[in-house]
Amino acid sequence: MNKALLRYTSNKLHLSSSSLTFQTRTTMVPRCTTNATNCVAASSTPSSLTLNGPKGYAHARIEADIQHRHSGDGSASSPNSASTFLRIVEDRPYFPLLQLDPTKNESVVDVARTVLSAYNKNSRSNNSTDAGDVNSCEGKVTVITGGLTNALFKVDLNSSTDEATNNNTSVLVRVFGSEGMIDRDIDTANFARLCNKSTTGGHNVTNQFTVIHSQLDLLGRFANGRIETWIPNMRQAHHVNDFGATAANCTELSREVARQLARLHYGFDIPEYLVSKKGGGVEMTPTLWRVIEDWTGELKNALEDETFVNDAALVKLFEEVVVSKNNASGTSPAPTTEAIVSELTNELKWLQKVVETKHPDATVVFAHNDVNAANILLDASTTNTDNNDSNSPYNEQTVCLIDFEYGAINYAMFDVANFYCEHCGGNDNAAPDYTLFPEHERQIDFLREYLKEKRGILRAKGEDEEQTAATDAEMIARLLSQVQLFRMASNLYWGVWGVLQAAGDVIDGTFNKENAKLRLLGNVGMNNWDNLRYGMNRLGGYWECKERLLTIGEV
């Protein structure tokens with residue numbers, strides 16, 4: 001498939017473009033009957049073959065395709081036979097042929113029933129849900145709005161005919177978006193491993209530490225999405241109202257995020273498929289540089305589409321966004337794709353060299369890579385109005401880090417720097433306010449809590465801290481130096497992402513270059529999301545950081 005022809009939209013927006021809300025329209029779907037066409041039980045016998053990791057999902061699809069093509073009824077199987085092909089991957093059910101139609105609530109409920117029934121019967125039996133026979137449950141669908149790509153639904157399955165009896169099982173149904181940018185085999189395998197608690201049985205390596213919210217779990221996967229647990233009474237955090245400098249108890253909330261990041265970085269048993277073996281040991285290579293390079297390559301392919309080739313004004317618009325105003329290359333009279341790609345490639349190589357030269361020993365971990373307020377859920381029953389630090393309402397049960405789609409091996413301090421950058425917002429109106437970047441003392445406080453949690457985890461694991469005589473102050477100073485560089489990396493990463501998204505919009509024919517110019521000039525639509533403006537503003541943040549660090553001699 002030519003990825004240049006895909007629409008480059010991403011999960012970064014599905015909970016980031018606006019607040020997590022629910023449509024007032026809900027739909028009740030009746031109990032399953034024997035005559036229902038699409039409401040089926042998982043009747044096929046799962047293979048005894050142990051399937052794990054991304055290769056496990058790929059193997060299951062190959063097996064399903066072979067059986068589908070040799071089913072004896074032609075090239076297409078019936079809806080029932082397709083939906084009942086089941087394999088257990090990562091100790092959870094996977095239906096590689098079961099497609100969900102997000103435009104039909106009946107399909108949403110039927111898929112939820114099928115996957116949940118298989119979860120209860122075939123995998124992780126000690127952790128089965130309380131829905132009983134889910135096929136006999138009524139289904140209530142609530143559409144979660146605020147997303148640009150993923151279709152998200154809350155499904156309530158009620159096994160009681162008495163509405164006054166609260167016997168519901170609620171799940172989150174996620175229909176995948178962002179085709180071509182996220183490897184869903186790796187993403188789902190990662191999420192499954194993250195959800196494995198120390199009390200979980202089965203063949204998978206389990207985590208000694210609870211690295212994510214205890215109620216968050218993967219229940220199963222279908223062809224174009226997956227089913228996750230629904231954590232009740234949670235709300236989406238806000239970059240100003242909860243993390244802003246004037247928000248009550250913002251320090252304690254940030255400290256809890258620091259603790260959870262440390263647990264993710266040092267408490268998670270990194271999956272074997274994410275590391276490479278070298279010299280009898282394992283090697284973890286940061287994916288940061290490769291991802292930006294790949295995105296830049298995809299941008300080059302997109303800009304070579306005939307839509308751009310035949311419109312010099314459009315190319316010029318993109319060049320004005322990408323190329324630094326202080327760079328002589330931006331003065332070329334004839335805008336070219338080469339100027340855009342060359343600018344991004346040169347900056348990527350420069351930044352990588354600076355990082356690897358100044359901090360060759362920068363710690364590499366499994367990183368979230370997209371920690372922002374929209375990807376943090378808070379217990380709705382707690383408030384941030386209590387300024388008594390000793391009585392903080394924030395802990396591992398009232399704060400939940402979600403959406404690990406971009407999770408990968410990366411620098412630990414990239415996660416920290418990105419979190420600082422996301423204090424500036426921009427996920428709602430594409431215009432980050434860089435004056436909201438945390439002040440120096442708040443950065444130090446966050447890192448102090450992060451190091452404290454990290455050391456506790458390493459001691460519990462019987463691992464030594466880095467062999468160094470550095471004091472806490474020296475260690476924090478070293479980390480702050482890394483944060484400054486990864487602040488640039490975060491802006492470059494999401495800046496390229498935004499421009500790539502916009503290029504996909506152009507190819508899909510949904511982009512009006514004249515209106516985009518007006519938006520970029522601030523004349524119209526400043527409250528509307530615009531990928532190109534977001535990319536421009538994040539790249540602007542990159543240039544601003546670079547100029548400041550060059551001025552003070554830090555790079």
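The figures that follow rest on heavy atoms only: side chains count, while hydrogens, waters and symmetry mates do not. Small disclaimer: the values here were computed from a predicted structure and weren't measured.
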Please determine whether a side-chain nitrogen of the Lys or Arg among R92 and D217 lies less than 4.0 Å from a carboxylate oxygen of the Asp or Glu. yes
Point-to-point distance, once rounded to the nearest 0.5 Å, from CE of M234 to SG of C400: 5.0 Å
Compute both the distance and the angle, then confirm whether R87 meets the cation-pi test with F85: under 6.0 Å from the six-membered ring centre, within 45 degrees of the axis. yes
Hey, are R263 and E256 close enough for a salt bridge, meaning a charged N less than 4.0 Å from a carboxylate O? yes
Would you say the rings of F222 and Y94 are close, in the sense that their centroids are separated by under 6.0 Å? no
What I'd like to find out is whether the side chain of V155 reaches to under 4.5 Å of the side chain of W230, using heavy atoms alone. no
Between I376 and I402, is the side-chain contact (heavy atoms from CB on, under 4.5 Å) condition met? List the steps. CA-CA 6 Å; I376 298 172; I402 61 172; over 6 Å; no
Side-chain donor-acceptor pair under 3.5 Å between E422 and N375, yes or no? no
Answer yes or no: is there a donor N or O on one side and an acceptor on the other, between the side chain of H359 and the main chain of D361, under 3.5 Å? no
Heavy-atom side-chain proximity of V141 to V109 below 4.5 angstrom: yes
Close side-chain approach of I409 and V364, heavy atoms under 4.5 Å: yes
Gap between atom OG of S381 and atom CG of N233 - 0.5 Å precision: 6.5 Å
Answer yes if the side chains of Y273 and N190 hold a donor-acceptor pair under 3.5 Å, and no otherwise. yes
Shortest non-hydrogen pair, V89 vs G53, comes out as CG1-O, 4.1 Å
Please check: side-chain N/O of S490 versus main-chain N/O of F486, any donor-acceptor pairing under 3.5 Å? no
Over all atoms of both residues, closest heavy-atom pair of S254 and H423: OG-NE2, 4.4 Å
Going from CG on L401 to CD on Q260, what distance comes out if it is rounded to the nearest 0.5 angstrom? 6.0 Å
Any donor-acceptor N/O pair, S107 side chain to D101 backbone, under 3.5 Å: yes
Between atom CG of L264 and atom NE2 of H368, what is the distance when rounded to the nearest 0.5 Å? 7.5 Å
Thinking salt bridges, do R61 and D65 make one under a 4.0 Å N-O criterion? no
Ionic contact status for E405 with R174, cut-off 4.0 Å: yes
Does the side-chain contact (heavy atoms from CB on, under 4.5 Å) test come out yes or no for N372 and N427, once each step is laid out? CA-CA 9 Å; N372 65 79; N427 290 327; 3.7 Å; yes
Taking E90 for the side chain and N52 for the main chain, is one N or O donor matched with an acceptor at less than 3.5 Å? no
Ignoring hydrogens and geometry, is there a side-chain-to-backbone donor-acceptor pair from H265 to T363 under 3.5 Å? no
Specify whether F446 and Y450 have parallel, tilted or perpendicular ring planes, treating 30° as the upper limit for parallel and 60° as the lower limit for perpendicular. parallel
With a 4.0 Å cut-off, would you call R226 and E228 a salt bridge? yes
Is the shortest heavy-atom distance from the side chain of H213 to the side chain of Q397 under 4.5 Å? yes
Does I227 form a side-chain contact (heavy atoms from CB on, under 4.5 Å) with Y119? I'd like the steps, not just the answer. CA-CA 10 Å; I227 310 293; Y119 176 88; over 6 Å; no
Determine the minimum heavy-atom distance between L157 and G139, stating which atoms define it. CD2-CA, 3.9 Å
Which heavy atom in L492 sits nearest to a heavy atom in L348, and how many Å separate them? CD2-CA, 4.1 Å
Within-4.5 Å side-chain heavy-atom neighbours: L116 and T169: yes
Using 4.0 Å as the upper bound for N to carboxylate O, is an ion pair formed by E252 and R255? yes
Taking the side chain as every heavy atom from C-beta outward, state whether I231 and L172 have any pair of such atoms under 4.5 Å apart. no
Salt-bridge contact R221-D187 (side-chain N to carboxylate O under 4.0 Å): no
Given side chains that start at C-beta, do those of F404 and T188 come closer than 4.5 Å, heavy atoms only? no
Shortest non-hydrogen contact from T398 toward N395: OG1-N, 2.9 Å
I'd like to know if the side chain of N491 reaches the main chain of R487, judged simply by a donor and an acceptor atom lying under 3.5 Å from each other, with no hydrogens or angles considered. yes
Any Lys/Arg nitrogen of R193 or E272 sitting under 4.0 Å from an Asp/Glu carboxylate oxygen of the other? yes
Over 60° means perpendicular and under 30° means parallel, so classify the ring planes of W494 and W295, tilted if in between. tilted
Under the side-chain contact (heavy atoms from CB on, under 4.5 Å) rule, what do E356 and W289 come out as? Steps first, then yes or no, please. CA-CA 11 Å; E356 293 177 347; W289 316 117; 4.1 Å; yes
When you check the gap from the basic side-chain N to the acidic O, do K461 and E463 get nearer than 4.0 Å? yes
Hey, what do you get for CD1 (I292) to OG1 (T287), rounding to the nearest 0.5 Å? 9.5 Å
Taking D415 for the side chain and N369 for the main chain, is one N or O donor matched with an acceptor at less than 3.5 Å? yes
Please name the pair of heavy atoms, one in P102 and one in L100, separated by the smallest distance, quoted to 0.1 Å. CD-O, 3.3 Å
Does the side chain of R235 reach to within under 4.5 Å of the side chain of D242, using non-hydrogen atoms? yes
